[in-house]
2 protein chains.
Amino acid sequence: MGVRVSSANSLAVEDLGSAAQRDRRKRILDATITLASQGGFDAVQMRAVAEQADVALGTLYRYFPSKIHLLVSALQREFERTEAIMRERPSEGDTAAERVINSLKRTTRGMQSDPQLTEALTRAFMFADGSVAAEIHQVGMLLTSMLTKAMHPEGHDKLTEEDVAIARVIGDVWLSALVGWVTGRTTAAETGQQIEVAVKLLLRD
Amino acid sequence: MGVRVSSANSLAVEDLGSAAQRDRRKRILDATITLASQGGFDAVQMRAVAEQADVALGTLYRYFPSKIHLLVSALQREFERTEAIMRERPSEGDTAAERVINSLKRTTRGMQSDPQLTEALTRAFMFADGSVAAEIHQVGMLLTSMLTKAMHPEGHDKLTEEDVAIARVIGDVWLSALVGWVTGRTTAAETGQQIEVAVKLLLRD
DNA sequence: TGGCGAACTGGAACGTGTTCCTATTTTAGA
DNA sequence: TCTAAAATAGGAACACGTTCCAGTTCGCCA
């Protein structure tokens, strides 16, 4: 456990030898988050990220080969943080449906408290092509794992194929709903409803 | 007098008075589809579209205020064509699940026969922001309607709230699967499975 | 038919993602 | 410690979406 495939594209933390490099990487991602929080996807401009991270433009591209890689990597780091919080303090509820809905609502609420950041990260995620597959896959796994844990908090031994399939479907609906929200096509309330409906359809105990 | 727009920011067919204008619009969309089929999203370059449609760049932007509007409008036209075919020759099957799966597989197969075009249109759809809401909504309605018709071919009188909710969820899964496929993260076979699993979970008669 | 406003043309110009190049600094190995 | 290789800085250059402008053509109507 804990082994992560280092991407062929972005430089993952494990690939970075020196502390200075790890620090550069952190500064870059911090700058990305800051700019995204302030102005969303469009405000994350490569020159601005480089300047704020105190790094040359070429170096930025050395660490992250494109804006999309950069944002998806930032998303990955944020999501890992979220997942850690979830692990520490799992959502409570009597039924699987309740726990799943609670998990997603908590996560969604967190994202809605910083709409610009969410917009930037979600856009990047949806726009990512095959060259970002490794990073995307990581995030997808985290999401599915978060959902299956909410479904079966006792342990993962009991997980059936169907459980995983259901988690995937819920994840898909959540993503679609999120895209609708960040692109201004639906409201936060509608997003919540959309997820709730899907979960209730899929998890009728 | 200023330019009238119907429900969207793009110039819809109804807004175009003269036959020459309708023809220009058609030429633009044709050029878009041609270029998209050949090289996908990246190949749909505004200068290239303008040149191939034999129209000035400024005119192109007059008809479609952005590349995203252009592509989503092209998607809309294609989808209307698909929907017409479906109406003429509905999918057969004994159960709602079978018919829905057949519909989606037929549609998906059509898209997979032109991967570049599908990539271009899907990317645009997922990247579209609030300013394209009208066009997006149109497409969403077509999709939901296609699905509910497959669920209840007899007529729409019997449609319950739940039916529509289910159709929406299936649509979400289909979109997510499509994004995975066009971005090269999943194979065509996996896409089909993903949909099949979701439909079977949601439509267990 | 003449004139007027809208639409169109052709192309310059700007912003931002991305690439590339040279000089300088840092790192690793002998 | 010295040196070669790798990493970084700094910045020019290019591509494509988008905007803008001056001149021309088109369509309508008095």
Side-chain angles (χ1 to χ4, degrees), chain A residues 9-12 15-28 31-32 35-36 38-74 120 123-124 127-129 131-132, chain B residues 1-5 9-13 15-28 31-32 35-36 38-74 120 123-124 127-129 131-132:
Chain A
N9 304 302
S10 314
L11 291 177
D15 298 325
L16 299 171
S18 75
Q21 284 177 317
R22 273 190 296 279
D23 189 58
R24 263 191 209 95
R25 192 188 136 98
K26 179 178 182 308
R27 288 206 311 274
I28 291 173
T32 303
L35 289 167
Q38 288 167 5
F41 189 87
D42 290 340
V44 181
Q45 302 185 356
M46 300 306 268
R47 289 173 180 83
V49 171
E51 188 180 3
Q52 176 146 349
D54 204 28
V55 141
L57 189 56
T59 305
L60 171 53
Y61 273 92
R62 191 166 207 302
Y63 280 70
F64 302 96
S66 76
K67 174 170 173 172
I68 297 295
H69 279 86
L70 173 60
L71 281 165
V72 172
S73 298
R123 300 290 277 283
F127 205 66
D129 67 355
S131 72
V132 208
Chain B
M1 183 175 55
V3 177
R4 291 180 306 114
V5 291
N9 310 44
S10 317
L11 291 177
V13 186
D15 299 320
L16 299 172
S18 77
Q21 285 177 318
R22 273 191 296 280
D23 189 57
R24 261 190 211 98
R25 192 188 136 98
K26 179 178 181 311
R27 287 206 312 274
I28 291 172
T32 303
L35 289 168
Q38 288 168 5
F41 188 87
D42 290 341
V44 181
Q45 301 185 356
M46 300 306 269
R47 290 174 180 84
V49 172
E51 188 180 2
Q52 175 146 349
D54 205 29
V55 139
L57 189 56
T59 305
L60 172 53
Y61 273 94
R62 194 167 199 300
Y63 280 70
F64 301 96
S66 76
K67 174 170 174 172
I68 298 294
H69 279 86
L70 173 60
L71 281 166
V72 173
S73 297
R123 300 289 277 285
F127 205 66
D129 68 355
S131 73
V132 207

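Protein chains get the first letters and strands the later ones, always in sequence-line order, with residue 1 at the start of each.
OP1 and OP2 of dA7(C) both lie 4.0 Å or more from every side-chain N or O belonging to Tyr63(B).
Rounding to whole angstrom units, CZ of residue Arg27(B) and C1' of dA7(C) are separated by 14 Å. With rounding to whole Å, Leu60(B) atom CG is found 16 Å from dC20(D) atom P. We find that CZ of Arg22(B) is positioned 15 Å from P of dA7(C), with the value rounded to whole Å. Rounding to whole angstrom units, CG of residue Asp54(B) and C1' of dG10(C) are separated by 13 Å. In this entry the distance linking CG of Leu35(A) with P of dG17(C) reads 11 Å, nearest Å. Atom P of nucleotide dA7(D) and atom CG of Asp23(A) are separated by 17 Å, given to the nearest angstrom. If you take CZ of Phe64(B) and P of dG17(D), they are 16 Å apart, rounded to a whole angstrom.
Where Leu57(A) and Tyr61(B) each meet DNA chain D at their nearest nucleotide, the meeting point lying more 5' is that of Leu57(A).
Contact check for Phe41(B) versus Phe127(A): side-chain heavy atoms found under the 4.5 Å cut-off. Using a 4.5 Å cut-off on side-chain heavy atoms (C-beta onward), Tyr63(A) and His69(A) make no contact. Side-chain contact between Arg47(B) and Leu57(B) is present, with heavy atoms from C-beta onward closer than 4.5 Å.
Contacts with DNA chain D (heavy atom under 4.0 Å) in residues 42-50 of chain A: Arg47(A), listed by number.
With values rounded to the nearest 0.5 angstrom, Leu71(A) atom CG is found 10.0 Å from Phe64(A) atom CZ. Between Met46(B) atom CE and Thr32(B) atom OG1 the span is 7.5 Å, to the nearest 0.5 Å. To the nearest 0.5 Å, atoms CG (Asp129(A)) and CZ (Arg123(B)) are separated by 5.5 Å.
Comparing dT9(C), dG17(D), dA7(C) by their nearest atom to the side chain of Gln21(B) picks out dA7(C). Distances from the side chain of Arg62(B) to the nucleotides dT8(D), dA7(C), dG17(C) place dA7(C) closest.
For the side-chain contact (heavy atoms from CB on, under 4.5 Å) with Ile28(A), the qualifying choice from Asp54(A), Asp23(A), Val49(A) is Val49(A), the only one to do so.
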